[in-house]
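Worksheet: the structure to be examined is printed underneath.
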Amino acid sequence: LEVGNSILADLDCCHSEEKESHEMNSGQNPAMLMFEEIVIQGFGPFKESITYPLNERGLVLVKGSNQDGGSDSNGTGKSSLAMSTLWALTGTIDARPTQDARVTDIMNDLSKSTRVSLRGKIDDESFVIVRTKTASKGSLTFFLDDVDLTRQSMKETQLIIDEKLGLGTQVLSRIIFHGQHQMNGLLEATDAKLKEELSLIVPLKTWQDAATQSRKKGRALSKRVSELDGMIDIREKDVQLMKRKYEATEEAVTSKEEDMVRQTQKMAQLAKAETEDSSSVDLENKRYLLDETLHEVQSLERKLQSLLASHEEETKPIRVNLTKVESQLTELRRDLLKKQSQSDRNAAALDSAQEMLDKLKDTWGMTDSDNVDDFILPSICPTCKQPASDEISHGHLKSELKAELNTSQKKIEMISSVLHSNNQEINSIEAKLDSAEVEKNYLEMIFKQKEADWEARLELSRNDIQLARSRYTKLSSSFAGDLKKMEYLNNLKQLEATATGELQVCRNNLEMAKESRIRAKQELDNMIQNIKGLDLDRELARSQSATMSNISDYFGARGIQTYVLQNTILALQLVTQSYLDELSDGSLRLQLRLDEGDRISRRASVLNPDGSWVERPLSSLSGGQWRRCSLSLSLGFSDLVARRGRLCSSLLVLDEPLTHLDSKGRDNVGKLLRKVIRNQSLNDNIGIGGLSVTTIIIILQDLVAEELSESFDRIDEVIKHQGHSTVVVDK
């Protein structure tokens, strides 16, 4: 209760709500809206300027006449004429669905602009509204009691008009201008739409604002709960991290203490090692011995070099002579091979010549003892196989044989002479070779003796050097070991100094680790306390959020608003039923009430011949019954708006209200509208209420208009000729 009162106090609505309720229930007179005349030009089919009166004209029939062809009055401009007043007031007309889902354009096809001027009075204050439109822009002017209230923009001027009227486009089109596309609006509206319409005449804004404020605060509290959930989740993760950090500091302290122990032990070990190793190092004495041994090695090496030079000087002449003799031997062997090769070739040539000679003798059958001069030739030539028959042939053959034998014998003798000369040269070369071999052997023997003597002397010198070098290596190794020991001792001293510093660092790290552990423990305790505080805030926010949710339900459509709507719905039903009784001769009922689900239930009942009532769903009503109910609900809504002091208009526009009605139904509509004009009581219990209508404009089709022409006070005719419409006003 306190929270709900606080919200109402914040809205500053308690006093104003009581005042508004008092004014509405006290029967305050509604705002009077009286229309005098309207002037239209370039509007719809009306190209030329048309002045149309609106004040105290009674029940007016607007019919159409199409002189461009046919008897159909559709498209002549009847609805455009009737709804032009709504366009002047709001900038909109009866919404007609088109293929591209846009409102039909109101500008005349042959006009460059549309201009509508409306004159009237608001609570005895004269007003003039002029609205224009071109293809690219529009304008709106508003004069009230000769005062120009026009603002810089059309939107701002429209807000001034709505403020002075006290109602906007939606209410005006609902209570004054009943277009043929909106006649069934209230009856077939959804529950939410009907409640939205009723909210225009029911003081629900305060409760709606309170419900909105409650929901807003509830959402803010829910958001706060979510934020706290997130904060707590983050803090809990931080706590886990801090716990791990604290555990890490514990481990760090333990680790630092172990480091202290290890570092102390390391210091002791370094001190002990330094004491043990420093006693065995004698660098100066070993350096002296090492230098002496080095000088000895160098002296022995110089002696060896001197011996090598003497050895070279003594053996060099022998080597030179030996080399020279070896060169001579090589040359002689080459000459010997050359001469032996020549001798072999000559011997082969000699054998070949001897073989040819033997073959020649064998061919002629000669022996080695035969003389060619005494040799008797055979009777047949052994070469050509021809007989030698005469003396001449025998002489010729013998001459040829003798020549061949002489040639072969001379060749053999020549080759034998050359071969003998070769053999002599070979024997000479072989003798020289033997002499050179003897000289070489002698030189080699002398060289080997010299080399053996010098090798013994050089070996002794090399052994001395090897022994000296061995002593130097041992001394050098020992000296290097002492140097390493000295370096090791120096390193030990450095390590000891470093260890001393590290020991101090360990002490410092241990102290810092202990301080970090203390800080981590404090931060952990603070985080845990912070989470407890956030948890308390979250529980409080959850409780307040639940409270706001309940309060929003109390202020909402199913709470106080439902209670407020109940009386309004009951009043709307009573007023609507009074109109419906007139239209149906008491044979129809329309019940409006809130059901258990807080929905506005709309049910119809039909009177049986036996006097009983049968409830029927709206969807089962006939077209005429539906029209009676929808028209009664629309008139009842207008009546209730006037009764609640919102607006009372002098004009009522009905576009095609008699659709689906039979002759009796149309007659009842005429009688009802006549009573509305005369402001008569509808029945013994309920009167017209706040309606103060002086002009009712009804738009009808041709046949119906002819049937009811005698029921109207005036009949105006819209005539369309050559694509343009004019109005003949019945004065």
Side-chain angles (χ1 to χ4, degrees), residues 35-88 93-94 96 104 106-111 114-120 176-181 183 631 650-659 661 663 666-667 669-674 676-677 693-731:
F35 299 97
E36 295 180 352
E37 70 175 14
I38 188 167
V39 180
I40 61 177
Q41 183 177 4
F43 186 85
F46 301 99
K47 179 182 178 182
E48 305 299 332
S49 177
I50 299 295
T51 301
Y52 190 70
L54 299 173
N55 186 32
E56 295 184 355
R57 299 197 66 212
L59 197 58
V60 180
L61 169 65
V62 177
K63 66 178 184 177
S65 176
N66 191 346
Q67 297 182 1
D68 289 341
S71 59
D72 191 359
S73 64
N74 289 331
T76 57
K78 304 186 300 296
S79 297
S80 297
L81 175 64
M83 295 300 174
S84 60
T85 303
L86 178 62
W87 189 79
I93 58 174
D94 184 21
R96 301 183 183 185
T104 305
I106 50 84
M107 187 182 298
N108 185 269
D109 294 337
L110 300 179
S111 299
T114 294
R115 187 178 189 278
V116 176
S117 175
L118 177 65
R119 291 194 306 104
I176 300 176
F177 303 95
H178 298 276
Q180 57 180 309
H181 301 285
M183 191 73 72
L631 182 58
S650 67
L651 178 65
L652 182 63
V653 177
L654 301 175
D655 192 355
E656 303 290 351
L658 305 182
T659 305
L661 294 178
S663 176
R666 293 193 291 269
D667 186 58
V669 170
K671 292 179 180 179
L672 172 62
L673 296 179
R674 180 65 62 185
V676 171
I677 286 291
V693 179
T694 62
T695 301
I696 298 178
I697 298 176
I698 300 178
I699 302 171
L700 297 176
Q701 293 294 336
D702 295 343
L703 294 178
V704 179
E706 292 178 2
E707 179 183 345
L708 300 177
S709 60
E710 296 181 357
S711 301
F712 295 96
D713 297 322
R714 291 176 176 83
I715 299 177
D716 297 337
E717 186 175 11
V718 179
I719 301 173
K720 187 175 184 181
H721 179 63
Q722 295 182 352
H724 306 302
S725 295
T726 58
V727 180
V728 178
V729 178
D730 186 359
K731 299 182 179 180

Could you tell me the separation between the [atom1] atom of [X] and the [atom2] atom of [Y], rounded to the nearest 0.5 Å?
X    : Y    : atom1 : atom2 : answer
I696 : R57  : CD1   : CZ    : 13.0 Å
I40  : L118 : CD1   : CG    : 11.5 Å
I176 : I697 : CD1   : CD1   : 11.5 Å
K671 : R666 : NZ    : CZ    : 14.0 Å
L54  : S650 : CG    : OG    : 7.5 Å
I719 : K63  : CD1   : NZ    : 9.0 Å

Closest heavy-atom pair and its distance - [X], [Y]:
X    : Y    : result
I699 : A82  : CD1-CB, 3.3 Å
T695 : N55  : OG1-C, 3.6 Å
R674 : L59  : NH2-CD2, 4.0 Å
M83  : F177 : SD-CB, 3.9 Å
H724 : K47  : CE1-CD, 3.5 Å
G58  : R714 : N-NH1, 4.3 Å

Please tell me if the side chains of [X] and [Y] come closer than 4.5 Å, counting only heavy atoms from C-beta onward.
X    : Y    : value
T76  : P45  : no
V669 : L673 : yes
D730 : F712 : no

Give the intermediate values and the outcome of side-chain contact (heavy atoms from CB on, under 4.5 Å) for residues T726 and H721.
-> CA-CA 8 Å; T726 58; H721 179 63; over 6 Å; no
Have a look at F46 and tell me which of T114, V718, V116, N108 forms a side chain to side chain contact (heavy atoms under 4.5 Å, CB included) with it.
-> V718
